[in-house]
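Here is the naming used below: chain letters follow the sequence lines, and residue numbers restart at 1 for every chain.
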Amino acid sequence: MSADQQTEGQRIRCLVAKVGLDGHDRGAHVISRAFRDAGFEVIYSGLHRAPEEVVQAAVQEDVDVLGISILSGAHNTLVPQILDGLEEYGASEDTLVIVGGIVPDDDKDELLGLGVAEIFGPGASMDEMIEYVREHAPDRER
Amino acid sequence: MSDLVEDLLAGEHRALARVISKIEDRSPGYREIVSELHRHTGSADVIGVTGSPGAGKSTLVDKVAATYRERGETVGVIAIDPSSPFTGGAVLGDRIRMGSNAGDMDVFFRSMSARGSLGGLSTATTDAVTALDAFGKDRVIIETVGAGQNEIDIVRTADTVAVLVPPDSGDDVQMLKAGILEIADLFAVNKADLDGANRTVQQLKEMLHYGQGRAGSDADDWEPPVIETIADSGEGVEEFMAAVDDHLDYLDASGQREAKQRSRYAAEIRALVRADTNDLLEAELAQRGGIEAYVDEIVARESDPYTVTEEIVAPLRECLDAPSQD
């Protein structure tokens with residue numbers, strides 16, 4: 001099917017966000033590109049975003065999927081702040097939140113318990129992530 | 001359904017975001033929503049910003065939005081980026097430049113992809129502007145690369161169109177070409193600290209000068225000013241905004257704002273009628289067994305494209321020609 005034929009109807013929208021003091025954006029770029037090629041609409045936040053900026057972007061852009069890329073080790077502080085912000089705007093229920101980066105096993109369960117849907121570490125394949133998003137992106141009535 | 005409209009009118013950001021998604025997706029019910037919202041519009045100034053990739057549109061829009069906020073005005077931004085003709089996917093990167101308005105929810109920034117090119121983009125943009133206007137935004141900025149007729153049509157729906165020209169944009173013959181330079185109400189030569197900026201300003205002014213004094217042009221006509229800006233540092237942003245306000249004042253004083261609005265609505269009606277009629281006929285075509293069967297006949301030289309078209313459209317024409325029964 002060509003892009004023209006897909007003009008109408010829902011398309012998966014993703015926000016790829018870099019949060020906090022973490023200057024490594026190669027991974028976020030690669031994923032943005034892979035998502036684009038998978039036919040998603042990708043909004044890229046740029047580097048060094050504060051949690052409230054990520055929330056602002058996720059709410060205003062009405063994304064289906066929020067991918068947080070974080071390699072700094074501050075995930076235990078920053079990710080919960082983002083989740084709280086989404087809650088505040090009534091956006092947590094139908095936003096799929098995934099985290100990519102270096103997250104120690106001990107922290108994973110905590111994040112998953114807070115509402116993160118999945119965590120992708122080093123070695124996760126692109127196809128795996130794309131497939132995951134396709135399968136789990138919220139099916140909205142809109 | 002009208003819950004969503006109520007929430008939007010009550011100022012809920014999530015509702016506004018969701019309404020724009022519905023508009024983009026053309027999902028069921030979006031028309032009723034836009035119809036309801038229309039009544040609440042009419043108070044926003046709509047500013048179009050266009051220019052080649054890398055001209056500095058997003059950076060300028062960011063600075064302009066921040067300055068409006070300092071003045072106590074609320075701002076909506078629609079930033080349009082291209083989508084892939086192959087996969088339909090897109091990377092929407094205008095948000096990266098939004099640094100000055102980080103965390104300020106009263107700047108509502110929305111990225112839109114061009115999603116194919118069936119002309120639906122201009123309808124979607126107009127409807128998104130309606131949503132932002134009804135939400136109560138004082139200023140709505142549409143930002144788009146002015147590539148192709150489609151995007152020119154979009155940006156033309158704005159009250160004021162600003163065209164950003166980077167320094168060293170080719171020689172003076174480029175300035176004579178038809179296209180985005182013609183639709184500008186004001187020009188900003190951005191990155192004015194770079195080499196070649198003076199020459200570009202000079203070329204633009206000359207180009208504008210050629211257009212003056214001809215039959216049909218009036219001494220009272222608006223003359224697009226050429227402003228030098230360095231969006232990155234904020235230099236010239238005040239002048240840019242003053243020029244926007246001058247143009248808006250001119251529109252009001254000359255009665256052109258109303259005239260523009262009327263022609264905008266006329267164009268909107270035409271676009272919707274065209275799209276809807278097209279859908280009706282597509283459905284009719286499908287009901288008659290699809291287009292392939294007709295193509296078979298044409299290939300076999302049993303029929304031709306005109307005959308087929310007549311066959312499909314004739315019932316519609318008869319229907320419209322029939323004297324009204326009431």
Side-chain angles (χ1 to χ4, degrees), chain A residues 1-18 25 28-29 31-64 85-95 130 140-142, chain B residues 1 4 7 12-30 33 58 76-77 79 81-99 101-121 124 275 279:
Chain A
M1 194 152 80
S2 82
D4 273 2
Q5 287 167 300
Q6 291 178 4
T7 308
E8 287 188 24
Q10 189 179 351
R11 181 175 293 287
I12 296 176
R13 272 170 83 85
C14 309
L15 172 65
V16 174
K18 288 297 302 184
D25 57 358
H29 287 179
I31 283 172
S32 298
R33 170 66 198 262
F35 279 3
R36 187 199 86 185
D37 290 344
F40 303 166
E41 278 178 11
V42 185
I43 293 121
Y44 177 52
S45 72
L47 278 172
H48 307 309
R49 296 299 144 176
E52 54 267 33
E53 288 176 74
V54 175
V55 171
Q56 181 188 18
V59 171
Q60 294 186 345
E61 302 286 359
D62 193 26
V63 290
D64 307 292
L86 291 178
E87 185 72 49
E88 188 186 330
Y89 285 98
S92 55
E93 211 155 90
D94 52 5
T95 307
I130 289 166
R140 293 177 174 174
E141 272 188 56
R142 54 180 195 185
Chain B
M1 189 52 63
L4 204 50
D7 290 348
E12 271 189 35
H13 294 95
R14 182 89 179 134
L16 173 58
R18 189 50 60 83
V19 163
I20 297 180
S21 298
K22 280 179 170 291
I23 286 168
E24 273 198 283
D25 293 343
R26 306 270 198 284
S27 54
Y30 94 92
I33 292 178
S58 303
V77 181
D81 266 341
S83 60
S84 160
F86 304 110
T87 64
V91 173
L92 310 172
D94 293 322
R95 223 185 157 93
I96 298 174
R97 320 275 171 228
M98 239 197 88
N101 299 289
D104 179 3
M105 278 304 249
D106 284 323
V107 175
F108 191 100
F109 188 104
R110 181 62 177 242
S111 315
M112 270 168 85
S113 93
R115 292 199 192 182
S117 53
L118 291 181
L121 179 59
D279 288 349

**Q** Might you point out which heavy atoms bring A:R11 and B:G89 nearest each other, and give the distance in Å?
**A**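 Distance-wise, the nearest heavy atoms are NH1-N, 4.3 Å.
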
**Q** Does any heavy atom of chain B fall under 4.5 Å from the side chain of A:Y44, the backbone, both, or neither of them?
**A**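 For A:Y44, backbone and side chain are both near chain B.
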
**Q** Does the A:E61 side chain pair with the main chain of B:S111, one donor and one acceptor, at a distance under 3.5 Å?
**A**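 A pair under 3.5 Å: yes.
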
**Q** For the CG atom of A:D62 and the CD atom of B:E24, what is their distance to the nearest 0.5 Å?
**A**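 It comes to 9.0 Å.
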
**Q** Can you tell me if A:R33 has over 12 outside heavy atoms packed within less than 6.0 Å of its CZ?
**A**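 Incorrect, the count does not exceed 12.
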
**Q** Looking only at heavy atoms, what is the nearest atom pair of A:Y89 and B:R14, with distance?
**A**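 Taking every non-hydrogen atom into account, O-CD, 3.5 Å.
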
**Q** Under 4.5 Å from any heavy atom of chain A, what part of B:N101 do you find: side chain, backbone, both or neither?
**A**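 When you check distances to chain A, only backbone atoms of B:N101 fall under 4.5 Å.
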
**Q** Once you round to the nearest 0.5 Å, how far does CG of B:L92 lie from CG of A:L15?
**A**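 It is 10.5 Å, given to the nearest 0.5 Å.
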
**Q** Salt bridge or not between B:D25 and A:R13? Use side-chain N to carboxylate O under 4.0 Å.
**A**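 Result for this pair is no, no salt bridge flagged.
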
**Q** If you tally heavy-atom pairs under 4.5 Å against chain B, which of A:E53, A:Q56, A:Q60, A:R49 wins?
**A**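 It is A:Q60.
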
**Q** At a heavy-atom separation under 4.5 Å, does A:A57 approach chain B through its side chain, its backbone, both, or neither?
**A**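 Contact with chain B: backbone and side chain both.
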
**Q** Mind checking the CG-CD spacing from B:D81 to A:E41? Nearest 0.5 Å is all I need.
**A**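 Rounded to the nearest 0.5 Å, the CG-CD separation comes out at 10.5 Å.
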
